[in-house]
Amino acid sequence: MNAGVKTVNIDVKALGQVAVLMGGRSAEREVSLMSGTGVLAALRSKGVDAHAFDPAERDLGDLKREGFARCFIALHGRFGEDGTVQGALELLGIPYTGPGVMASAVAMDKLMTKRIWLAEGLSTPAWRQVHSAEEARAAFAALGSPMIVKPVREGSTIGLSKVLTLEACETAYALASGQDPMVMCEQFIAGDEVTCPVLGTGSTARALPVIRIVAPDGNYDYQHKYFTDDTKYLVPAGLPEGEEAAIQALVLKAYLTLDCRGWARADVMIDAATRKPYLLEINTSPGMTGHSLVPMSARATGLSYEDLCLSVLAGASLDNPAQGPG
């Protein structure tokens, strides 16, 4: 599938003064600064009047006072990807990139996302919400080994553990609950790990090429995601015939089910035995670093990093555009 988002006929001057929101207060601040720096340089290279803006260091009200016309959200994790900054921008009447308030909030909550996907008949690994190490051990008995333990509202595998023994549940729960009081245990799906971005809104939304991720020892953790070159990213993914199209269709439905717009990226595991794909989560403010996956997938369609940034920015919008500023 093609991206369905074109960069032709974009009047750069009409985009006005643009704030690239980066940094923030989440555990993913460091990665956000890398994403934002890349986006800022890309937009400026296309002639956009773009400026860095760190909500951890400045009042969001400055966006209105200083005349920013739209925002490119390069924030990751809490206070940037969870509907909070989206709600603030709605109140300010400043269009922003990516999904709106509700879609962002729901997607950040892995439990709520799973409940909605399951209700819509979309495949996702079995899970249990747990409130103690004892409940984590009970989940281990029910879900089997290996089991994933992770914070419900955190990203970039922060606080995530792959548990192989009953004894490891206590440490895994402590690590996850240190990041978020809401913790979930999830069935581990052994097989190919893939990711698939989506660009666009509604009927214009299109899935980009699938990327297969081959991490050292299957350990695609924070370090291997952002700071080493040991992980291999395969585009084309080299999947059996028909699988890529099936995954793109699944991801697109997952995206539209949550009412996402603009862009997002879904992570999927393919069961090695059955070849059935399982949705893990969806990221509504995808990374844009040198190791990030959306630019890699877009490049496979002929869309450069710079044009990708411009396309996403041009699609900036509000949940209630008719209302405008308050």
Side-chain angles (χ1 to χ4, degrees), residues 3-24 32-76 79-104 197-202 204-205 260-264 284-289 292 294-295 298 303-326:
V5 179
K6 305 298 182 184
T7 58
V8 293
N9 301 324
I10 292 178
D11 182 353
V12 171
K13 298 302 179 188
L15 297 175
Q17 185 176 228
V18 174
V20 179
L21 305 188
M22 63 175 86
S32 173
L33 288 170
M34 292 192 293
S35 287
T37 298
V39 169
L40 182 65
L43 293 177
R44 286 178 170 172
S45 77
K46 303 298 284 188
V48 177
D49 180 19
H51 304 264
F53 193 102
D54 187 344
E57 299 176 353
R58 302 186 60 187
D59 185 339
L60 284 174
D62 288 346
L63 291 168
K64 195 70 180 173
R65 288 187 284 270
E66 295 178 17
F68 284 101
R70 61 184 63 205
C71 293
F72 191 115
I73 298 178
L75 299 165
H76 306 315
F79 314 115
E81 200 171 354
D82 60 358
T84 53
V85 78
Q86 289 79 7
L89 294 173
E90 290 284 340
L91 290 172
L92 292 170
I94 302 174
Y96 53 91
T97 56
V101 177
M102 183 185 72
S104 298
V198 178
L199 297 182
T201 300
T204 72
C260 292
R261 66 167 188 252
W263 69 331
T284 56
S285 182
M288 291 293 282
T289 73
S292 291
V294 177
L303 192 64
S304 70
Y305 182 97
E306 293 78 13
D307 283 342
L308 170 64
C309 291
L310 188 58
S311 292
V312 171
L313 177 65
S317 62
L318 291 164
D319 282 340
N320 298 295
Q323 292 183 10

Interatomic distance, [X] atom [atom1] to [Y] atom [atom2] [nearest 0.5 angstrom]:
{"X": "Leu40", "Y": "Leu21", "atom1": "CG", "atom2": "CG", "answer": "11.5 Å"}
{"X": "Glu90", "Y": "Leu318", "atom1": "CD", "atom2": "CG", "answer": "4.5 Å"}
{"X": "Leu310", "Y": "Ile10", "atom1": "CG", "atom2": "CD1", "answer": "4.0 Å"}

Could you work out, with salt bridge (Lys or Arg N to Asp or Glu O under 4.0 Å) as the rule, every residue matching [X], not counting sequence neighbours?
{"X": "Asp49", "value": "none"}
{"X": "Arg58", "value": "Asp62, Glu66"}
{"X": "Asp11", "value": "none"}

Is any side-chain heavy atom of [Y] closer than 4.5 Å to one of [X]?
{"X": "Ser311", "Y": "Leu199", "result": "no"}
{"X": "Met288", "Y": "Tyr305", "result": "yes"}
{"X": "Val198", "Y": "Cys260", "result": "no"}
{"X": "Val39", "Y": "Leu313", "result": "no"}

Measure across [X] and [Y] and return the closest heavy-atom pair with its distance rounded to 0.1 Å.
{"X": "Ser35", "Y": "Thr289", "result": "OG-CG2, 3.5 Å"}
{"X": "Phe53", "Y": "Ala19", "result": "CB-CB, 4.1 Å"}
{"X": "Trp263", "Y": "Gly98", "result": "CD1-CA, 3.7 Å"}
{"X": "Val101", "Y": "Gln86", "result": "CG2-C, 3.8 Å"}
{"X": "His76", "Y": "Pro286", "result": "CE1-O, 3.4 Å"}
{"X": "Ala69", "Y": "Pro95", "result": "O-CD, 3.3 Å"}

Practice problem: Just grab all the salt bridge (charged side-chain N to carboxylate O under 4.0 Å, His left out) pairs involving residues 91-100, residues at least two apart or on different chains. | Solution: none
Sidechain-backbone polar pair: [X] side chain, [Y] backbone, donor-acceptor under 3.5 Å:
{"X": "Ser104", "Y": "Gly83", "result": "no"}
{"X": "Thr97", "Y": "Ile73", "result": "yes"}
{"X": "Arg70", "Y": "Gly16", "result": "no"}

Quiz item: Considering the options Val12, Val20, Val312, which one meets the side chain to side chain contact (heavy atoms under 4.5 Å, CB included) requirement together with Leu43?
Solution: Val20
Quiz item: Excluding sequence neighbours, so at least two apart, what forms ring-ring contact (aromatic ring centres under 6.0 Å, His included) with Phe68?
Solution: His51
Exercise. Please identify each residue that fulfils side chain to side chain donor-acceptor pair (under 3.5 Å) with Arg261, with sequence neighbours left out.
Key: Tyr96, Ser317, Asp319
Quiz prompt | Side chains of Thr201 and Thr204, donor plus acceptor under 3.5 Å | solution = no
